[in-house]
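We number each residue from 1, following the sequence as shown.
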Amino acid sequence: FIDPKMGIKSCHCGLSAISLEKDSRRAGMTIECEENAMTKIIKNVSIMCFHDELCQVFNALMTALSLLREGSKVTIFFGSRGINAVHKDKVNQLKCLPDMPKEAGDAVMKKMDEMNLPSVEDLFIMLIAEGATVLACPLNISLFEMTPSDLVDGVKVADPAKYYKEVVVQADMNLTF
């Protein structure tokens, strides 16, 4: 749909036009309706997760996946208690609202199941398959008596100096969960 008077520029697929060319053979504007023709702004995003509470981890991973699918370069760093979220034997044992009565956590878990949301493990698979970098803090691996072989497949042990210098400092966005 093109309305030069109103400045509304979009096509039947719902994408907005970033650039339009004047077509000298017809009045008005023309636009190529292809998703590839649209330019996306790429952001470098660093997400740090320091919790092993299910809702915090889930929110960090869903945010990461959404940003990744919008074209951002995403690196997720798990440190402190968040290291438990990338432990292959603990990833499916994360608790929702552990500081609340058990009924509250159970109600949230039931609602998440009803909404057919992906599991944390499935989110890791999606993120890694789609190009996110997932890192684990080496200090916390040691503190929590883990080894690199305990990590979810695709999770790498971070080089902290490199991570902070090349990812955090260079990021357009730093998000913490």
Side-chain angles (χ1 to χ4, degrees), residues 35 38 40-177:
E35 197 167 354
M38 308 310 278
K40 288 187 178 184
I41 297 171
I42 307 257
K43 299 273 187 193
N44 288 315
V45 181
S46 166
I47 296 176
M48 296 178 229
C49 185
F50 298 112
H51 296 277
D52 60 358
E53 191 271 331
L54 178 64
C55 293
Q56 291 285 339
V57 174
F58 186 84
N59 288 336
L61 297 178
M62 286 299 291
T63 299
L65 189 60
S66 296
L67 289 165
L68 185 67
R69 288 180 174 174
E70 286 301 315
S72 295
K73 181 181 176 193
V74 176
T75 302
I76 314 162
F77 178 87
F78 287 85
S80 191
R81 287 191 346 234
I83 201 75
N84 290 316
V86 293
H87 188 290
K88 63 178 139 190
D89 294 334
K90 297 178 182 178
V91 66
N92 290 318
Q93 298 172 8
L94 302 178
K95 302 287 183 218
C96 187
L97 307 173
D99 54 340
M100 300 288 288
K102 184 178 177 337
E103 298 78 30
D106 289 348
V108 172
M109 294 293 292
K110 182 179 179 196
K111 187 68 174 173
M112 289 175 78
D113 281 344
E114 289 170 3
M115 294 173 70
N116 201 26
L117 297 173
S119 69
V120 168
E121 190 171 28
D122 288 342
L123 287 170
F124 278 124
I125 291 167
M126 287 184 261
L127 283 159
I128 292 165
E130 294 181 36
T133 300
V134 183
L135 302 172
C137 176
L139 174 65
N140 295 122
I141 289 173
S142 296
L143 286 174
F144 284 78
E145 299 180 349
M146 296 167 57
T147 67
S149 65
D150 291 323
L151 300 175
V152 170
D153 290 340
V155 176
K156 300 171 189 164
V157 178
D159 174 342
K162 185 176 178 182
Y163 169 69
Y164 286 106
K165 181 179 180 183
E166 296 179 11
V167 177
V168 176
V169 173
Q170 304 297 325
D172 297 302
M173 286 189 280
N174 287 295
L175 307 173
T176 305
F177 290 85

For a 4.5 angstrom cut-off between non-hydrogen side-chain atoms, does His87 reach Gln93? no
Tyr163: which residues meet the ring pair (Phe, Tyr, Trp, His ring centres under 6.0 Å) condition with it, sequence neighbours left out? Phe77
Sequence neighbours excluded, the answer for side chain to side chain contact (heavy atoms under 4.5 Å, CB included) partners of His51 is Gln56, Arg81
For residues 167-176, which side-chain N or O atoms pair as donor and acceptor with protein atoms under 3.5 Å away, sequence neighbours left out?
{"from": "Asp172", "atom 1": "OD2", "to": "Asn44", "atom 2": "N", "distance (Å)": "2.8"}
{"from": "Asn174", "atom 1": "OD1", "to": "Ser46", "atom 2": "OG", "distance (Å)": "3.3"}
{"from": "Asn174", "atom 1": "ND2", "to": "Val168", "atom 2": "O", "distance (Å)": "3.2"}

Short side-chain to backbone donor-acceptor contact, Lys88 and Ser149, under 3.5 Å: yes
Can you name the closest pair of heavy atoms from Gly79 and Cys137 and give their distance? CA-CB, 3.9 Å
For the backbone of Leu97 and the side chain of Glu53, can you confirm whether one donor and one acceptor N or O come within less than 3.5 Å of each other? yes
Would you say Asn84 and Phe144 make side-chain contact, with heavy atoms under 4.5 Å? yes
Look only at the side chain of Asn140 and the backbone of Ser80, and say whether a donor-acceptor pair between them is shorter than 3.5 Å. yes
For Val157 and Pro138, which heavy atoms make the closest approach, and how far apart are they? CG1-CB, 3.7 Å
To check you understand the geometry: which heavy-atom pair defines the closest contact between Ala136 and Ile83, and what is its length? CB-CD1, 3.5 Å
So for atom CG, which belongs to Asp99, do other residues, nucleotides or ligands contribute more than 12 heavy atoms lying within a distance under 6.0 Å? yes
Are Phe78 and Phe124 close enough that their ring centres sit under 6.0 Å apart? yes
Distance from Asp159 atom CG to Glu166 atom CD, nearest 0.5 Å? 8.0 Å
If we ignore hydrogens and angles and just use 3.5 Å, is the side chain of Ser66 paired with the main-chain N or O of Met62 as donor and acceptor? yes
How about Leu135 and Val155: do any of their side-chain heavy atoms sit closer than 4.5 Å? no
Between Ala85 and Val152, which heavy-atom pair has the shortest distance, and what is it? O-CG2, 4.4 Å
Verdict with supporting geometry, Arg69 and Met126, side chain to side chain contact (heavy atoms under 4.5 Å, CB included): CA-CA 11 Å; Arg69 288 180 174 174; Met126 287 184 261; 3.7 Å; yes
Strictly distance-based, threshold 3.5 Å: is any side-chain N or O of Asp122 a donor or acceptor partner for the main-chain N or O of Pro118? no
Atom CG of Leu127 and atom CG of Leu65: how far apart are they, to the nearest 0.5 Å? 5.0 Å
What's the shortest heavy-atom distance between Met146 and Asp150, and which atoms? CA-OD2, 3.3 Å
Could you state the interatomic distance from CG (Leu61) to CD1 (Ile76), rounded to the nearest 0.5 Å? 5.5 Å
Between CG on residue Leu67 and CD1 on residue Ile47, distance to nearest 0.5 Å: 5.5 Å
So do the side chains of Ile42 and Ser72 get within less than 4.5 Å of each other, counting heavy atoms only? no
So with a 6.0 Å cut-off around CD of Glu145, is the heavy-atom count from everything else above 12? no
Can you tell if the side chain of Thr63 reaches within under 4.5 Å of the side chain of Phe177, non-hydrogen atoms only? yes
Is the number of heavy atoms from other residues, nucleotides or ligands within 6.0 Å of NZ (Lys95) greater than 12? no
